[in-house]
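We're numbering straight along the sequence, starting at 1. Just the heavy atoms: all of them, side chains too, but no hydrogens, waters or symmetry mates, feed the values below.
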Amino acid sequence: QISNLKTNLKTLNNNEQAIFKKLNSVNAKIKEYETSINKQNISLQNNYRNIEQYNASKNILTKLFESENDNIVINSLKFPIGYEKAIEASLGHGLKASLEKSDIEWRNIEQKSLFNLPGNINNLSKYAKGVPEVENILKLTGIVNSTTEGDKLQNQLKPGQQLVTKNGGLWRWDGYTHNEKAETPANQILQNKANLIEINSKIKKSQNNIDENKKNIESFEIKIKDQEKIKNKYNEDLLDINNKKVATRDKIEHVQNNLA
């Protein structure tokens, strides 16, 4: 009988050690999840700070485009990257003209008798799309590759025509000219618009990151709760094993006393 009791006690000790090992694994997982939560919280705070900074920049840039309505040329005109300064030179402050009835508006007037540009050069309507109201001026605006070409072709322009370079040089039919270094009233309008679009994209990305941070934190918290439940179960098992070990030792002692 003593031999069986000692075997049972040994089995209980082995089971106890196995549970201790499992508990260590559970505690390691909990610590790992807590570390991950801390990292996610740091990332979360960084993303909140980024959004705050981006919104401050957005507010400044947005004031540059204040209008009674959002339906203005600059918000609807689509063109490839790299043509910002050419569009600025061509349209000037007309970029902020309303496409609706307003104090400053750009009306849609179809012109069927526009002059052809000299030298078979491309016009801006091939690149800028989305606003029929500015189609006339875009068709009358030729793209030249250099200042030399602009100077050469300017005296061949017909009334209403103009030439621009991608860097913002402008030659008009009436003799008005400004070079690529000129600080014009419309300077930086489209660049600021591009910056605003980029900032909005960054705000959206940061908000997505925040949502992902919160989702990850919630996921790790659920995992910790699950491990805590497992931990509690193991502690209950340890308590049960301890009680059985005490009872087994008592039985061994009782048997040994009877044999004595």
For this session: Flag the pair Glu253 and Arg249 as a salt bridge only when some basic side-chain nitrogen lies within less than 4.0 angstrom of an acidic carboxylate oxygen.
Result: no
Exercise. Is it true that the side chains of Asp211 and Gln207 contain a donor and an acceptor less than 3.5 Å apart?
Worked result: yes
Exercise. For residues Asn167 and Thr165, is any side-chain donor paired with an opposing acceptor at under 3.5 Å?
Worked result: no
Problem set entry | Selection residues 163-178 - residue pairs positive for salt bridge (charged side-chain N to carboxylate O under 4.0 Å, His left out), sequence neighbours left out | Arg172-Asp174
Problem set entry | Residues forming a salt bridge (Lys or Arg N to Asp or Glu O under 4.0 Å) with Asp237, sequence neighbours excluded | Lys233
Exercise. If you measure from CG on Asn46 to CD1 on Ile210, what distance do you get to the nearest 0.5 Å?
Worked result: 10.5 Å
Exercise. Between His254 and Asp250, does any side-chain donor sit less than 3.5 Å from a side-chain acceptor?
Worked result: no
Problem set entry | Pairwise side-chain contact, Pro118 with Gln161, heavy-atom cut-off 4.5 Å (strictly under) | yes
Problem set entry | side chain to side chain donor-acceptor pair (under 3.5 Å) between Thr141 and Gln162, worked out | CA-CA 5 Å; Thr141 304; Gln162 57 186 5; 2.9 Å; yes
Problem set entry | Salt bridge Asp240-Lys244, side-chain N to carboxylate O under 4.0 Å | yes
Exercise. Near Ile104 CD1, under 6.0 Å, is it more than 12 heavy atoms from other residues, nucleotides or ligands?
Worked result: no
Exercise. Would you say Leu44 and Ile37 are hydrophobically clustered, going by side-chain heavy atoms of ILVMFWY under 4.5 Å?
Worked result: yes
Exercise. Any chance the side chains of Glu100 and Asn71 put a donor and an acceptor closer than 3.5 Å?
Worked result: yes
Problem set entry | Result of checking Asn179, Asp151, Thr177 against Trp171 for side chain to side chain donor-acceptor pair (under 3.5 Å) | Asp151
